[in-house]
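Take a look at the structure below.
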Amino acid sequence: MYTKTLTNYTICKEFTIKRAIIFNENDVSYLYNTLNGRGLFLKESLLKKLLNGKVDENFLFLMIQRGIFETNDNIIDLHDSKPTFFLINLTDSCNLRCMYCFRDVHIKESVNINSNELKKICQKIIEYCKNHKVNRIFVQPWGGEPLISYEKIIEIDDIFRQTDLEYQIVLSTNATLVTSEVARALFHRKVHVGISLDGNEELQNLQRPFKNRETNSFQEVCKGIQNLRDAGYGDIGVICTITKINIDRIEDILNVFINEIKLHTVKLNLVKTNPFSPESEYIAVSDTDKINRFYDVLIDTIINTNRRGYNFFERNLCDKIVNLFGNNTGNICVSRGCLGGDKMIAVNRQGDIFPCDLVDVEKVKIGNLFSDFTVPDMIEQSKKENPFFQSNVMEICNECPWKIYCEGGCSASVIYNGEKGQCVDHLECRINQILYPKLLSLALKNPEAIWYLTNKKIKIL
């Protein structure tokens, strides 16, 4: 794929492209503004007119409309300290022992939230929403395995049902505790359910075993998925963690997900290291060739599966394509840098507030929900000294065309690995350097693929 960089390129007297890259395949190009992440597809004839400064008013208007002349000064600030996503820690217990677990639930004493604590937390969230005119929120029961405190999920729904808030309960579970009764109740209450599953039976039992190592984790998860389907869930999303152990088995994983379990949506997350899992340092993926092949197989499988008439997509790919071609700002983690603490907060049973469920550690605590200060004020004050809110951007990032989406990557990963001299999420950086050019090249050569990869959200004509 041919690329050409434009810096302070004057189109006509009034308009200059501050910084952009032209990606070209054959006779089609994509003009990408690296400062705001906006772009425009161009045929060869239009590109020549552009580079020669011979553009008519209609084309000039289109460039203005698509934001080609805008700089990052024009971008809406999403770091406005106004959370709409709330995680509530129900339990520190879990019945699995996952190799890469980010939480120290296997170290600390297991304690479950009680009804009085939960009610007070929910009331504080409702009070915050009323005072700050927040009408639509997401609430995620958090653990450990949240279904260990299943009855508290029901209590959360009962509390929010009494308000005029538009709310969605989002449950991420290992599914081993999803009985027929639990599945019916969750469906009746319109709880969105996501399942953690790391591949076929061999890989799941290796990476996500039961604590007793005797019960078959894969079989129990599949039972839970079937119970959810029997209860009425038509489309169940799965989160699969990719490690050195299973990255070379991506064909096997996708075969099980598509042809055996009959999934339509998955999210494949490459594992990152953390201090609570000694294994994570040895199973974290870093090899560029493996990551490159992983995405090639994933993309080809999605395209071929959809061409056969079976709808299937991967959420991370979808979100990053929407970043490119749809000006997405909705993903808290990968659309405009880490928005933890601004759009999302996690609350434990004591009311302590953290910017992300992956870093419930004292040094990044924002404050307490029951203090005399408002949530936005606590976040703003915390930004002055809390290491979580320090910029992850290194000087080299300023030359990266994907900086607008990444902004240094996952702040939780940076916090956990900062002692090793890192101040940027190097894995996310490597993924972006591989994936965004790959997606752009695909869009230029095979625009039909984008339709499939985005679950028919974006169609390139």
Side-chain angles (χ1 to χ4, degrees), residues 19 33-37 71-73 75-83 85 87 100 102-103 241-242 269-277 280-281 284-286 288 291 316 319-320 323-324 327-346 353-366 378-437:
R19 200 170 84 193
N33 183 329
T34 65
L35 296 177
N36 63 11
T71 68
N72 48 7
D73 295 331
I75 297 173
I76 297 172
D77 183 16
L78 298 173
H79 298 272
D80 57 359
S81 305
K82 197 173 184 179
F85 197 112
L87 297 106
Y100 44 74
F102 262 87
R103 301 205 60 215
T241 301
I242 301 299
N269 294 335
L270 273 69
V271 73
K272 298 174 182 177
T273 58
N274 73 83
F276 306 119
S277 166
S280 68
E281 185 163 346
V285 179
S286 59
T288 299
I291 296 173
N316 288 324
D319 283 345
K320 293 198 174 188
N323 285 348
L324 277 170
N327 196 32
N328 182 34
T329 58
N331 189 305
I332 291 173
C333 299
V334 300
S335 288
R336 287 296 185 272
C338 173
L339 296 177
D342 285 298
K343 298 302 180 187
M344 174 182 75
I345 57 173
I353 303 170
F354 302 92
C356 173
D357 57 314
L358 300 180
V359 279
D360 57 327
V361 292
E362 187 67 24
K363 69 177 180 179
V364 300
K365 186 172 79 171
I366 290 172
M378 282 188 282
I379 295 171
E380 285 299 316
Q381 180 61 35
S382 185
K383 286 180 180 180
K384 298 176 182 178
E385 52 192 27
N386 190 323
F388 185 91
F389 293 104
Q390 293 178 8
S391 174
N392 301 334
V393 174
M394 300 172 66
E395 187 173 346
I396 194 172
C397 297
N398 294 321
E399 302 302 317
C400 177
W402 323 118
K403 174 178 177 268
I404 182 66
Y405 308 133
C406 177
E407 291 291 342
C410 173
S411 294
S413 179
V414 172
I415 288 292
Y416 284 147
N417 295 289
E419 294 178 359
K420 299 177 183 178
Q422 299 182 8
C423 55
V424 68
D425 177 0
H426 289 289
L427 176 58
E428 185 66 18
C429 176
R430 188 171 289 114
I431 290 171
N432 289 339
Q433 295 286 349
I434 292 171
L435 191 54
Y436 279 117

Q. Does Phe388 have any ring-ring contact (aromatic ring centres under 6.0 Å, His included) partners at least two apart in sequence or in another chain, and if so, which?
A. none
Q. To the nearest 0.5 Å, what is the distance between CG (Asp319) and CG (Leu324)?
A. 11.5 Å
Q | Pairwise distance CD1(Ile345) to CD1(Ile353) - rounded to 0.5 angstrom | A | 5.0 Å
Q.
Can you tell me how far apart NE2 (His426) and CE (Met394) are? Round to the nearest 0.5 Å.
A. 5.5 Å
Q) Hey, is Lys403 close enough to Glu428 for a salt bridge, meaning N to O under 4.0 Å? A) no
Q: Kindly write out the residues that satisfy side-chain hydrogen bond (donor to acceptor under 3.5 Å, both in side chains) with Glu380, not counting sequence neighbours, or none if the list is empty.
A: Ser81, Lys383
**Q.** Least distance between heavy atoms, Cys410 atom then Asp425 atom
**A.** N-OD2, 3.1 Å
Q) So, for Val414 and Gly408, which heavy atoms are closest and what is the spacing to 0.1 Å? A) CG2-O, 4.2 Å
Q.
Using side-chain heavy atoms (C-beta onward) and a distance below 4.5 Å, is Ile291 in contact with Val285?
A. yes
Q.
As a quick check of understanding, evaluate side-chain contact (heavy atoms from CB on, under 4.5 Å) for Asn316 and Val334, giving each step before the final call.
A. CA-CA 9 Å; Asn316 288 324; Val334 300; 5.5 Å; no
(Q) With rounding to the nearest 0.5 angstrom, report the OG1 to CD1 distance, Thr288 to Ile434. (A) 5.0 Å
Q. Are Arg430 and Ser286 close enough that some pair of their side-chain heavy atoms sits under 4.5 Å apart?
A. yes
Q: Go through the structure and list residues passing side chain to side chain contact (heavy atoms under 4.5 Å, CB included) with Ile332, not counting sequence neighbours.
A: Phe85, Leu339, Lys343, Met344
Q.
Looking at Asn392 and Gly409, would you say the former's side chain and the latter's main chain have a donor-acceptor pair under 3.5 Å?
A. yes
Q: Indicate whether the side chain of Asn328 and that of Ser335 have a donor and an acceptor atom separated by less than 3.5 Å.
A: yes
Q) Looking only at heavy atoms, what is the nearest atom pair of Thr241 and Val271, with distance? A) CG2-CB, 3.7 Å
Q | Exercise: identify the closest heavy-atom pair between Arg19 and Asn33 | A | O-OD1, 3.4 Å
Q.
Contact between Gln381 and Ile366 at the side-chain level, heavy atoms closer than 4.5 Å - yes or no?
A. no
Q.
Quick check against the 3.5 Å criterion: does Asn274 have a side-chain atom that pairs as donor or acceptor with the backbone of Tyr100?
A. yes
(Q) Gln390: which residues meet the side chain to side chain contact (heavy atoms under 4.5 Å, CB included) condition with it, sequence neighbours left out? (A) Pro387
Q) Could you walk me through whether Ile379 and Phe389 pass the side-chain contact (heavy atoms from CB on, under 4.5 Å) check? A) CA-CA 9 Å; Ile379 295 171; Phe389 293 104; 4.2 Å; yes
Q: Please list, chain by chain and in numerical order, all residues satisfying side chain to side chain contact (heavy atoms under 4.5 Å, CB included) with Ser391, sequence neighbours excluded.
A: Val393
Q. Given Tyr416 and Val359, is the side-chain contact (heavy atoms from CB on, under 4.5 Å) satisfied, shown in steps?
A. CA-CA 8 Å; Tyr416 284 147; Val359 279; 3.6 Å; yes
(Q) Minimum heavy-atom separation for Glu281 and Thr273, please, with both atom names. (A) CA-CG2, 3.5 Å
Q: Give the intermediate values and the outcome of side-chain contact (heavy atoms from CB on, under 4.5 Å) for residues Leu427 and Ser413.
A: CA-CA 9 Å; Leu427 176 58; Ser413 179; over 6 Å; no
Q.
Between Asn386 (side chain only) and Val364 (backbone N and O only), is there a donor and an acceptor less than 3.5 Å apart?
A. yes
Q.
Going by the rule ring-ring contact (aromatic ring centres under 6.0 Å, His included), which residues pair with Tyr436 if we only count those two or more places apart in sequence or in a different chain?
A. Trp402, Tyr405
(Q) So which atom in Gly341 and which in Pro83 form the shortest heavy-atom distance, rounded to 0.1 Å? (A) O-CG, 4.3 Å
